Structure formats: structure tokens, C-alpha cells
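Single-structure report; data block below.
Computed from a prediction, not measured in an experiment: that's the story for all the values here. Chain A is the first sequence line, chain B the second, and so forth, proteins listed ahead of strands; every chain is numbered from 1.
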Number of protein chains: 4
Amino acid sequence: MNGKEGIWAYTPTKERIIKVALKLFSRKGFKGTTIKDIAKEVGITEGAIYRHFASKEKIIYFLITTVSRELEELIKEKVFIRGSLKEQVKSLIETLMRYAFEKPDSFRFLTVYHILRENGFEKRLPGGLILENFKRAYMRGELKVSPEVALSVAVGSVERAFILWEMGLVNLPEDRFIEELQETVVSALC
Amino acid sequence: MNGKEGIWAYTPTKERIIKVALKLFSRKGFKGTTIKDIAKEVGITEGAIYRHFASKEKIIYFLITTVSRELEELIKEKVFIRGSLKEQVKSLIETLMRYAFEKPDSFRFLTVYHILRENGFEKRLPGGLILENFKRAYMRGELKVSPEVALSVAVGSVERAFILWEMGLVNLPEDRFIEELQETVVSALC
Amino acid sequence: MNGKEGIWAYTPTKERIIKVALKLFSRKGFKGTTIKDIAKEVGITEGAIYRHFASKEKIIYFLITTVSRELEELIKEKVFIRGSLKEQVKSLIETLMRYAFEKPDSFRFLTVYHILRENGFEKRLPGGLILENFKRAYMRGELKVSPEVALSVAVGSVERAFILWEMGLVNLPEDRFIEELQETVVSALC
Amino acid sequence: MNGKEGIWAYTPTKERIIKVALKLFSRKGFKGTTIKDIAKEVGITEGAIYRHFASKEKIIYFLITTVSRELEELIKEKVFIRGSLKEQVKSLIETLMRYAFEKPDSFRFLTVYHILRENGFEKRLPGGLILENFKRAYMRGELKVSPEVALSVAVGSVERAFILWEMGLVNLPEDRFIEELQETVVSALC
DNA sequence: TATGAATGAGCTTTCATTCAT
DNA sequence: TATGAATGAAAGCTCATTCAT
């Protein structure tokens, strides 16, 4: 084994570029982040970036693909596996919130959909998957509201909650914040 | 009097610049929009922009101030005037949604908080006002959940709802969509 | 009249860019000439170039089109109008040589077909026209040799003659050089 | 002895670099060809090139020296050895044309004098040798035209003939094309 | 008010070259 | 000999801004 397998086969430098780009793109946007910014924070020169990515666009494409897939897998694995809708919604809120707290750059990157919009990736957000699931639950009569409203409430609440948290406007402990959000959304949808 | 006083003393051209800038900034971001883009869509040359605004930054400052104040006034006028929390929340959802449908560029501009963040305006979003109101309701025992969660659910849901709508993913008529969202959020918070 | 008509409607600056680009491209090639080189010799900054041409490629496209058309027109007007093949060949040599001496940058630009080749314009050289003419003369039995050989001798001789001249290797007066070349080529082909 | 002596001591890899460089330089020019282009076509990495040549310039210097010497030797050996001018000219055309067909990259490289000019090698073309020879023939009264015109016709015709051939514009068989060119040039000069 | 040419700084990208392995 | 990551300078191009008209 040489430490290079599958999608994780990039070198430490490439990995660092990815992490820094994720952070900067999610905070300053695609146009607002320069290759120089990334290079400086990675500790290499601008030219060196191009040994790992053919263009700035390729970096964001890679990030969009990788990060949205990561969250999708997480949702499939943790949320859709549950039996009742109630448990699914509870798990969805928890999964999204935990993801946001653990990987704030990734979550912010996906949330700040402006970045994605700039690059024509709107529909790749995991939103599509969740919407489909809500539609099925709606057919089965388990969902109190229409799928579109359910998605808006479930996902929108988490997104705003994370922004408030990042702004330092939340006076509750992390776990309590998540719990309350879970209960609130569950009570609204199920 | 010639119809031009104070800050509202802009000429039709200035007005057109503002409208176009709002549209473009809200869609392509601050850095993603060039003075040339704006000038072209307004139908003037780049230099002419500078007859009306001293710099690109001044344009976005003007927009942030104007648009956020407009929504604030609307909320004060339509929402905070209501008696019960239930009616306030119902009115908040309706007001935000109607605003979003009537002035999508303005709403998108405020929502895509990335743009604001780029320009250090995070805290000027009307969120602050609503949060204060929720805090008071919480003190009075009218709010079932903590103010932070309430704000997240109320505002986040509307933001996501608008995005879904813009993406063409909503299969309900406008009024029905708003009504359902109202009921859902009210049932969750009050 | 405002000094702007037809294809010559470019500003003095644009005209200067064209002249300088022609000179530099013909001497140092397309890749060997930088926008900075051109800008410096024109006496403006690099950015200013782009107000007149959208890209470096657009400059060479313009030159290829303009210069090759110019020579084509000249040939149509001075050469093809003649009656006998003998007179046509005499006129061809004279026209090409005079053009080369009067507009060395243009002639060199067309001759150094490497530049054209780099840009996929091989077939736009006036060679095509002349070849067609030789083919018709060959059919009529006026041409002693095959059209391909005739073209090679006629055009190739002039091209080489010009290079020798530019290298300072020719010890004849201009007119005598042209005359001798005329006689030689005519005697070979007719 | 190991088969590696003097300037010819290059390994197979070095030989491949030379061949590829000759091909690419002759087609895309010196500036238009990158070390990466060469490396890729040779099948090695960019760094490896520098094991064989100290710089990009050294490669083209080597090529100019080697290729022009090769053609010079050929001309000395095949052309100047002949008795009469007529036979010399016939042989010159044949030698150049055969060389062009057998080693098109080499001939194109020498012909596209633009490349040489970029590198200050103008006068090293075998043209000098041939011109000297024509001058002597002129003194002896064997040459009908001045040496400069003779060189222009003899060499220019071959150069143009090769270009036409490469463009696929020649409808004669190779041998017939050469023969006709020989006869035409001989009849013009002798 | 408006134009449009120009500036100058900064951007993305390229590329010859170096160097540790 | 060869690799491949990295450098650093320079390339083409963009863009906010200025200014003469």
C-alpha cells in the first residue's frame, strides 16, 4: 500500500489545496477567491496549484462533486435507513446539523448556493434526494404538509440555524440547539 | 420642487442602474458582476455609471441600505403591529413570501447573504429585528421554542421556499404554497 | 465626413496597432510577439490594446484577412487583366516585387507562411488564385510547364529574391533585379 | 569503444528528443513548441529533457547546426562535384527535392527561415554556398543571369514546390514533378 | 450627463528551469 | 537517467477607475 487509493489518491499538497479552497470559496465566493489567496495559504506558489488542478474552475467542480456526494452518502446512510417518517426527519436534522458543526466549510460551501449558481450546479444539491423522499412519504399519507413545504422547513431551518450559530447569535448549547430544532421540525411535519 | 430630494433624488438613469445592479449582484455576486455588465444592461457606457455612483462599492452599499430598510419597514408595518404571536408569525411568513414574489431580485439579494458577507454587512439583515421580537415573545411565554430556533424555522423556511420556487420545483399555486407554509410554521412555533 | 468609412473606420490608435503588429508578427512570429511588445511600440498600455481588438488572435486574423485580400486585389487588378500569358507572368513578378519593396512587412507577413500555418490559414494565400490562372493557361496550351511547377517557380523565386534582398545579399539595383527576374521566369514558363 | 563518441554520443532518448523537436519546431516554431510538447511526444517528463540538453535554445542550436551541415555536405557531395553548370543545377534541384521528400521535417525546418531568424542564424543556410558557386559560374560566363537571380529561382522554386506538395496541391507523380522542375529551372538559368 | 480611450493594478495561466528523490 | 513537484518570471487578459471631449 502506498497511501494512494481511489478518490483519495491525491498528494498531501493536493489535499491541502482542496481544504484551503473549500474554506476560501465558502467564505469569499468563487470570484472573490484568487489562486494567489489559495497558494499563499497552502504555502506554495501560484504556478504549483496548476500541477494539481488544470484551472480554477476544475477546483470548484471537484469540490462541488466531492462535497455534495459526501453529504448525499451521509444522508442515505443515516437518514433514509430509518423506518418512520418521524425518525427520518429527526435523523435528517441531526445529520445536517452535526455535519455543519463538524465540517463548517463544507456545509457553508453547499449552503451558500450562490457559489454553485455561479457555476451552474444548482441541481446537484442533495435537496433533490430529500424532496423525492418527502414525495413518497406524502403519497403514503405520512407527511402532514406538501413535500415542497416540508423540504423548505426541514432544510431551510437547518441552514438558517447554522448561519445564526456562526454569527454567534445562539445562546444555547450545541446539543440543546439541535434537539429543539429536531422537535420543532418534527412537530411541524409529522 | 422638481421631484428630486435627499437620497431619493436619482434620475431615471440612476434608478435603472440600481435595478440592474440589484438583479446582477443578486444573481452573480458582487465580484461576479462588472461595471461593464451593469452599463451594458442599462444601455450606457461604463464611464457614465460614475456620474451616479462614485464607486462600485457605493452601489452595493446603497442597495444593502435601501433594500434592507425597505424590508424592515414592511415588517414593522405589517408584522409587529399584530397582537398575538400566532398572527405575527402568520403575517411574517406572508409578508416575506409576498415580498419575495413581488421583488425577487431584492429578496434574493438579501438572502444570498454571501454578497453581504463579502461587504461586511452581516448584521444588517432584518433578522436582528425579528430575533428581538421572538425574544420578547419567549419571555412572555407565548413562544413554544427558543427564539433562535424560532427565527431559524421562520426565516429559513421562507428562504428555502423561495429558492425551490425559483428553481421551478414547486407544484403548488402561489397562494396555496404560502398558506401551507404559514400553517406549518405557526403550528411549529406557537 | 468624419474620416471613418468602410473597413478603414478604425481610429488612429487602431491603425497604429495594426502597423506595429504587422511588423512584429512578420519578424518575430505570432508567439514570439507579445502584446506588451506591440503596446510599447504603439506607445500605449497593454490594456488599451483590448479596446481595439478582443484578443491577440483577433489581431492576426484581421491582418491575415486584410493583407491577403489587399494582395489579391492587386493581382486581379494588375496581372489578370493582361492578355497574353507572357505579359501576365511579367506583370506578376513585377507586382509581387514592387509590393514586397513597398510594403515589406506585409509581404514578409504573407511569405513567412509559418505564421499563417500556426493559425490555420494556409489556404488563404493568394497562391490559390494564381494557381487557378495557370491551370487555365495550361489548358489553352500557353504554359510550357505544369501549373504546379509554374506556380512554384513564379512565386518561389520572388519570395526568395525578397529574402536575399532583405539580407543585403543582392548587388544589383532594384529595377535591374526585378527586370532580370521577370525575364528569367518568363523564359522558363512561356 | 561503446559507440558513443563526440557529438554523436547521444543515447536513443536523445535521438528521439532531436527527432521530435525537429518535427515540432518545423511545424509550430520555436516559441510555439514547449518543452512539455516535446517531452510528451518523446514519452518522458519535462525534467528528463534537461538530462540531454541544457536548455531549449541548445536544442535548436544543435538542430540548426546539424541539419544545415547535413544538407551542405549533401550538396557538396552530390552537386558541386558535377562538371557543367547545367548538370550542377539539375543535380541541385534533384538533391533538394529528394531531401525534402525523404526528410520533410529537416527541409521544412531549414526552409521556415523564420525559426532561424528568431535565433540569429540567418546566414548559416546553405544558400551561401550555392550563391558562391553561382558567382563563380557567372564569372566563367556559364550563367545566363546574375547569381542572385539564379539563387532565387533555383532555391525559391524548390521551397515553394515542397510547400505545394505538402498542401496536397500537386497532381503530378513525385518523379515527374522533380523532372519538370529540373528542366524548367535549367532552361531558365543555363 | 454621457462617451470612449486609456491607465494600472491585478487576475488566471503558461512555461523554462531547478531540485530532491 | 528519470520523475514530478515546485519556482518565478512573464504571458494574455480583465476591470474599476479616470479623463479629455
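Figure legend. F:dC13 is base-paired to E:dG10; pairs are counted as Watson-Crick or G-U wobble with both atom distances under 3.5 Å. With a cut-off of 3.5 Å on both pairing distances, the Watson-Crick or G-U wobble partner of F:dA5 is E:dT18.
Nucleotides F:dT21 and E:dT1 have their P atoms positioned 23 Å apart, rounded to a whole Å.
Contact annotation: B:K36 side-chain N/O to F:dC15 OP1/OP2 distance is not under 4.0 Å. At the phosphate of F:dA5, OP1 or OP2 sits under 4.0 Å from a side-chain N or O atom of A:R51. At F:dT1, none of the side-chain N or O atoms of D:T13 fall inside 4.0 Å of OP1 or OP2 (strictly under the cut-off).
The aromatic rings of D:F30 and D:F25 are tilted relative to each other, their planes meeting at an angle between 30° and 60°.
In this structure, CZ of A:R16 is placed 12 Å from C1' of F:dA5, rounded to the nearest angstrom. Atom pair C:K40:NZ and F:dG12:P shows a separation of 13 Å (rounding to whole Å applied). The NE2 atom of A:H52 sits 6 Å away from the P atom of F:dA5 (whole-angstrom rounding).
In this structure the side chain of A:K103 reaches within 4.5 angstrom of the side chain of A:E70, judged on heavy atoms.
Within the nucleic acid shown, C:T34 comes within 4.0 Å of sugar-phosphate atoms alone, with no base atom in reach, counting heavy atoms only.
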